[in-house]
2 protein chains.
Amino acid sequence: MSVQLEPVEALDLWRRTIVEGVRRESPDLTTRQMALLLMVYLTPGPHTVRGLAAHLKVSKPAITRALDKLGQLDLVRRKVDPQDRRSVLVQRTVHGSVFLREYGDMITAAAASAEVAPRAA
Amino acid sequence: MSVQLEPVEALDLWRRTIVEGVRRESPDLTTRQMALLLMVYLTPGPHTVRGLAAHLKVSKPAITRALDKLGQLDLVRRKVDPQDRRSVLVQRTVHGSVFLREYGDMITAAAASAEVAPRAA
DNA sequence: AGCATCCGTTTCACTTGCGAAACGGATAAT
DNA sequence: ATTATCCGTTTCGCAAGTGAAACGGATGCT
């Protein structure tokens, strides 16, 4: 279960995770691309381009390009909707699941290290 | 105090926060810029360009440009080191403190909403 | 059938970020 | 007093993201 995370602690957790991500220079994803990825994996589908664009309040081309990038990294896949062939359904991949799983572990690791070594300002 | 945050919960918290940030399109900061900002505010100083570059494993010009952006948003300020005038010390600003404070609140808000409404996948 | 509407993508011109290398100014070493 | 070294910044050429608008293809309407 979650906790009543205080703002300062939350920020510190944020820092540890983001800094670690920058260091690894792992798939160097944009904030938008990451948001899109998380939407697809942690939110009930089906996910269409327009739906994602509306929810994130960005233009459709932005979603298209983000999908290009994520698809090329095999983190996500496109599938034409059989019901309405104008629509595109965004689907998950094994590689994407693994990636996010590891990312989640990275966050919890950051949280764990924060417990033993309290922040310094 | 912190919690043993489980990976899935951590990811969901991450999603809520990032998505909210994208929606607001608030100061639209790069991941690197955000990492830099958090470093300056949550880590004991003094902070120099080379130090930050080394810690984040990025090139010095990248730090310089990030400081340009953050400075222009008044989230951070430069000051020549009086001891060694080759160095530049990165300092905090009132506006930056407020910004991060609000960001922390946004994270905790996301965590709170997660408690009442468990994720759906 | 014909026309209007809704999709996602592509084009366009623009902005922004990137690393490597070169640069000027400040300090250290001889 | 030179010379060498270290600092942050500025070029340079390049890669990638942005929204608006136009586009082709699929569906809905009459």
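Treat the numbers as computed from the prediction; the structure is a model and nothing was measured. Below, read A as the first sequence line, B as the second, and so on, with proteins coming before strands; counting in each chain starts at 1.
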Partners passing side chain to side chain donor-acceptor pair (under 3.5 Å) against [X] (at least two apart in sequence or in another chain):
X	result
A:Glu20	A:Arg24
A:Arg86	A:Asp84
A:Thr17	none
B:Ser87	B:Arg50

Could you state the [atom1]-[atom2] distance from [X] to [N], rounded to the nearest angstrom?
X	N	atom1	atom2	value
B:Leu52	D:dG8	CG	P	9 Å
A:Leu89	C:dT9	CG	P	11 Å
B:Asp68	D:dT9	CG	P	7 Å

Evaluate salt bridge (charged side-chain N to carboxylate O under 4.0 Å, His left out) for A:Arg16 paired with A:Asp12, printing each intermediate quantity in order.
CA-CA 6 Å; A:Arg16 291 168 189 277; A:Asp12 201 55; 3.0 Å; yes

Considering heavy-atom distances to DNA chain D, does B:Leu67 or A:Gln83 have its closest nucleotide positioned more toward the 5' end?
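Result: B:Leu67.
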
Heavy atoms under 4.0 Å is the rule here; annotate nucleotides 16-26 of chain C 5' to 3' with B where the base is hit, S where only the sugar-phosphate is, and - elsewhere.
-SBBBB---BB

Which is true for B:Thr64 with a 4.0 Å heavy-atom rule: it touches a base, it touches only sugar-phosphate, or it touches nothing?
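Base, at least one base heavy atom under 4.0 Å.
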
Per-pair distances, 0.1 Å, donor-acceptor, side chain in residues 65-78 of chain A, under 3.5 Å, sequence neighbours excluded:
from: A:Asp68; atom 1: OD1; to: A:Arg78; atom 2: NH2; distance (Å): 2.2
from: A:Arg77; atom 1: NH2; to: A:Arg92; atom 2: O; distance (Å): 3.3

Just to verify, what does A:Arg101 make a salt bridge (Lys or Arg N to Asp or Glu O under 4.0 Å) with, not counting sequence neighbours?
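A:Arg101 satisfies salt bridge (Lys or Arg N to Asp or Glu O under 4.0 Å) with A:Asp105 only.
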
Over its full length, what angle do the end axes of the helix from C:dA1-D:dT30 to C:dT30-D:dA1 make, each axis taken from five pairs and the result rounded to 10 degrees?
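That helix has its two terminal axes inclined by roughly 10°.
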
Any residue meeting side chain to side chain contact (heavy atoms under 4.5 Å, CB included) with B:His47, in chain and number order, not counting sequence neighbours:
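With sequence neighbours excluded, B:His47 shows a side chain to side chain contact (heavy atoms under 4.5 Å, CB included) to B:Val40, B:Thr43, B:Leu52, B:Val90, given in chain and number order.
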
